[in-house]
Every structure is written in C-alpha cells, then in structure tokens.
2 protein chains.
Amino acid sequence: MSTKVKVYEEVLKQIQTLIYNKKLSPGDRLPSERELAEQLNAGRSSVREALRAIELLGLIETRRGEGTFLRTYRTYHLVELLASFILQEPKSKQEILLSKRILEKEAVKLAIQSMDQKNIEGLQTVLHQEQNQQQKHYAFFSIIFSLADNYLLQKIWEVMEQFSHTINEYDYNDEFYHKLLIIYKNQQLENIEDLFNNLSLN
Amino acid sequence: MSTKVKVYEEVLKQIQTLIYNKKLSPGDRLPSERELAEQLNAGRSSVREALRAIELLGLIETRRGEGTFLRTYRTYHLVELLASFILQEPKSKQEILLSKRILEKEAVKLAIQSMDQKNIEGLQTVLHQEQNQQQKHYAFFSIIFSLADNYLLQKIWEVMEQFSHTINEYDYNDEFYHKLLIIYKNQQLENIEDLFNNLSLN
DNA sequence: AATAGCTAGGTGGTCTGACCAATTAGGAAG
DNA sequence: CTTCCTAATTGGTCAGACCACCTAGCTATT
C-alpha cells in the first residue's frame with residue numbers, strides 16, 4: 001500500500017501540470033528548485049532528478065545563478081536524440097539514401113507554394129557559390145525545407161544528411177538542380193515525382 | 001578555466017562508455033550507485049541524476065534492493081512525456097500528422113512491388129479484426145512497412161505513430177483502406193499520390 | 001548628478017551523511 | 001536438510017552545507 005511511485009516521477013508530472021496551469025511558454029522561468037521542493041513536499045534532490053531528466057530531453061534549460069527556463073519547442077531535441085539512436089542500429093546505406101531522398105522530394109513539393117522569384121534566385125545563388133557538392137546540397141535544401149515550413153521533417157532530414165556524408169556516394173548532378181529550378185519557375189507540381197524517380201540509385 | 005561541464009553530464013558519458021567497454025547487454029547489471037560514485041569521483045547524487053535521466057530515456061531499469069539493469073530500448077515513456085510538452089503547440093501537431101502521412105504514402109509505394117495476393121489478404125484480415133481504429137491502423141501499416149523493406153523509415157514512422165496517439169484527430173476512414181487495397185490489387189502505382197492527397201487535413 | 005564598483009541575496013551545482021525500504025544471501029535453529 | 005531470521009547490500013529520499021554564478025541595488029568616487 002506504500003507509494004510505489006517514485007517521488008521524482010511524481011515531481012515530473014507536477015511540473016508538467018504546473019507548466020500547463022500557469023500557461024508557461026518557451027522562455028518563461030520555472031520556480032526555483034528550492035521553491036519547487038517546498039511546494040511539492042519533496043527534497044531538493046528529488047526535484048533535481050526530475051529536472052535533470054527533463055533537461056536531457058532538451059525541454060528545459062538551466063542557467064546557474066539565474067534559474068530554470070522552458071525551452072523553445074522548436075528545438076525538437078528529441079528528434080535528434082531518437083534519430084541518432086535509430087540510425088546507429090545496423091542498416092543499409094541504401095536505406096538512408098532512399099529515405100533522405102523521399103524527404104527531399106516531399107519538401108520540394110511542400111515548398112512549391114511559397115516559391116517566388118526571390119526565393120528561386122536565392123537557390124541559384126547557392127548553386128553558383130564556390131563550395132563542394134555536399135555544402136552546396138545542404139545549403140540548397142535547407143532553403144527548401146525552410147519554405148516547406150515543416151520543422152520536424154527538416155530535423156530528420158538534417159540527421160540523415162549528416163549520416164549520408166559518411167557514405168561516399170553522390171547521386172545528384174547539376175542537371176538535377178537545374179531541372180528543379182525550372183519546375184519551380186513554372187510551378188509544375190506534377191513533374192516533381194518524375195524528377196526524383198529518374199535519379200539513379202547507384 | 002573551471003569545469004563548465006556538469007558532473008552529471010560527465011557521469012552520463014562515463015556510464016555509456018562503461019556499458020560499451022564491458023559490452024553489457026540488456027538484462028545485465030550495472031555497478032551500484034555507490035560504486036559508480038566512487039569510481040567516477042563524483043557524489044552519489046550526481047550519479048543518480050545521470051541515472052534518472054537515462055532511466056527516463058528507457059535505457060535502464062532500477063529495482064530497489066537489487067540494482068540497476070540495462071534494458072531493451074523502448075520509446076514509450078519518452079514519447080508520452082515529450083508529447084505533453086511539444087504538442088502544446090498546434091503547429092507541431094500538424095507537422096507530425098503531415099510527416100507521418102508522407103512516410104505512409106512512400107511506404108505504400110515501396111511496398112507495391114512485393115504486394116501479392118497473399119499479402120493483400122493479410123491486410124484484409126487486419127481490417128476485419130475487431131480492434132479500435134488505432135490498433136488497426138498500426139497493424140495495417142506495419143505490414144506495409146515490412147514489405148517496403150526500409151527499416152529506417154519504419155522506425156521513424158513508429159515514433160510518429162506513437163505521438164499521433166496522443167493527438168485526438170483521426171483522419172483515415174474505411175474508404176481509404178478499401179481504395180488502397182484496390183490499388184494494390186491492380187498495381188496502380190500512379191494512383192497512390194492522389195489517394196493520400198485527397199485525405200482531409202482537419 | 002552620473003557613473004563605476006562593490007555587496008548581498010538568490011539560484012543552480014555538488015557533495016556528504018543519514019535514514020528508510022526492499023531484496024538477497026548466509027548462518028542459526030529446528 | 002529445511003525453515004527462519006538476521007545482516008549486508010542496494011535503491012529512494014531528505015536535509016544541510018558549501019561553492020560558483022548572476023543580478024539588483026546600494027555605495028563611494030568623480
């Protein structure tokens with residue numbers, strides 16, 4: 001009949017509801033550890049255990065001397081955490097490349113609505129800058145993902161992009177980027193699928 | 001020149017390398033908190049903060065009186081916890097649902113080659129079983145992802161699927177599954193895009 | 001009066017010691 | 001040999017003590 005639930009888990013919940021009830025937003029400050037301990041009838045160490053756990057997930061940020069703050073939800077720290085975990089498991093290089101390509105394709109589609117003349121020029125600028133292919137590709141699609149306005153997809157893509165650097169296979173050529181720009185200029189949504197399907201899978 | 005790095009973060013790394021060096025497998029026992037504290041020249045509270053964080057990630061399990069044990073990785077805890085924080089932003093809900101749908105769509109495409117009569121029957125069986133919509137959807141697409149033969153995409157999708165459970169919006173209907181089966185029967189790859197595009201985004 | 005500098009209080013970071021609760025192993029009693 | 005109990009070990013929790021750091025506000029100097 002004793003409390004099977006650990007204190008730090010209970011504190012975890014309390015902090016959640018506290019955030020919800022007080023409608024705290026990213027950037028707002030939480031009560032100090034000592035205050036929380038007193039309010040929740042718990043020891044400071046238990047409160048800290050809960051806070052450290054939340055911190056590791058990237059949901060809060062602590063600044064010595066100042067306090068504990070809610071973080072921007074945008075960080076999506078979890079995505080990187082989970083993604084790197086998933087990607088470490090044995091898998092084929094082809095899976096990563098294929099998955100990455102799928103995300104890029106869909107981002108291209110999502111971005112087409114926001115793609116005006118100005119943005120297209122931005123893409124062209126990136127292509128003309130003197131960099132290696134990897135940097136160019138990353139910069140190019142970073143713009144596209146921003147316009148696609150889906151931060152989650154972008155984060156997943158970034159992790160894949162990083163992993164793909166360790167793979168020595170590059171299958172995009174200048175023609176690909178060129179064709180893509182034409183598609184954007186003419187707003188030919190229906191041609192995107194083919195563009196990506198015609199990429200060779202080495 | 002002081003140690004900017006927090007002790008518990010350092011302990012975290014040490015424990016990870018310890019697991020790696022000693023090749024500990026799920027089920028194996030870690031040194032006791034007091035032992036770790038002594039070995040790593042840290043206080044027991046710092047060790048505990050690290051352990052609690054790892055525990056929240058679902059990597060270890062602690063049993064009072066026995067010890068701390070490695071366990072097979074599960075994301076459930078994590079997802080539930082993160083959901084309550086992240087999903088407060090309406091935008092992120094839509095991002096997750098949209099991202100999930102993209103993965104499902106591409107999995108459907110990838111699976112079409114391996115989709116024979118037998119597999120189609122398997123899908124039908126799932127649909128006819130008495131379960132709630134969530135379970136049905138998960139089982140249905142689990143089959144598809146297996147046939148798509150991309151472990152990476154499947155893992156990412158599973159996480160998103162878990163997240164979506166915490167969102168009270170369901171936008172697939174029986175007609176969707178039915179149409180999908182017809183597409184598979186007739187191997188109409190070209191109709192998949194439209195099928196998904198016609199799903200309403202509530 | 002304006003500014004530079006210092007001080008006190010609050011905050012997170014860490015350690016130590018104490019005690020409780022659960023489990024286990026080993027010895028004592030039958 | 002079996003049963004039971006005790007002691008040791010381990011995680012769970014708390015309290016208190018410092019330290020490092022930041023900030024606001026006061027003080028003293030210009």
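Throughout, a chain's letter reflects where its sequence line sits, starting with A, and its residues are numbered from 1.
Residue A:Ser45 is classed as a base contact, given a heavy-atom separation below 4.0 Å to a base. B:Glu9 comes within 4.0 angstrom of nothing in the nucleic acid, heavy atoms only. Using a 4.0 Å heavy-atom criterion, one finds that A:Gly43 contacts the sugar-phosphate atoms exclusively. Among the atoms of the strands shown, base atoms are found under 4.0 Å from some heavy atom of B:Arg48. Nucleic acid contact for B:Ala42: sugar-phosphate only, since backbone atoms but no base atoms lie under 4.0 Å from a heavy atom of the residue. Using a 4.0 Å heavy-atom cutoff across all strands shown, A:Glu61 reaches no nucleic acid atom at all.
The distance between atom CZ of A:Arg64 and atom C1' of C:dG12, rounded to the nearest whole Å, is 7 Å. Counting to the nearest Å, the P atom of D:dT13 and the CZ atom of B:Arg34 are 13 Å from each other. Regarding A:Glu49, its CD atom lies at a distance of 14 Å from the P atom of C:dC15, rounded to whole Å.
Residues A:Tyr8 and B:Glu55 have side chains that bring a donor and an acceptor to within less than 3.5 angstrom of each other.
Taking the six-membered ring wherever Trp is involved, the centroid distance between the rings of A:Tyr151 and A:Phe145 does not fall below 6.0 Å.
For A:Ser46, counting side-chain heavy atoms from C-beta on, the closest listed nucleotide (D:dG12, C:dG13, D:dC14) is D:dC14.
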| message | Apply salt bridge (charged side-chain N to carboxylate O under 4.0 Å, His left out) to residues B:Lys100 and B:Glu104 and explain how you reach the verdict. | response | CA-CA 6 Å; B:Lys100 185 169 86 81; B:Glu104 290 169 348; 3.1 Å; yes
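Aromatic ring pairs are classed by plane angle as parallel below 30°, tilted from 30° to 60° and perpendicular above 60°; the pair A:Phe141 and A:Trp157 is tilted.
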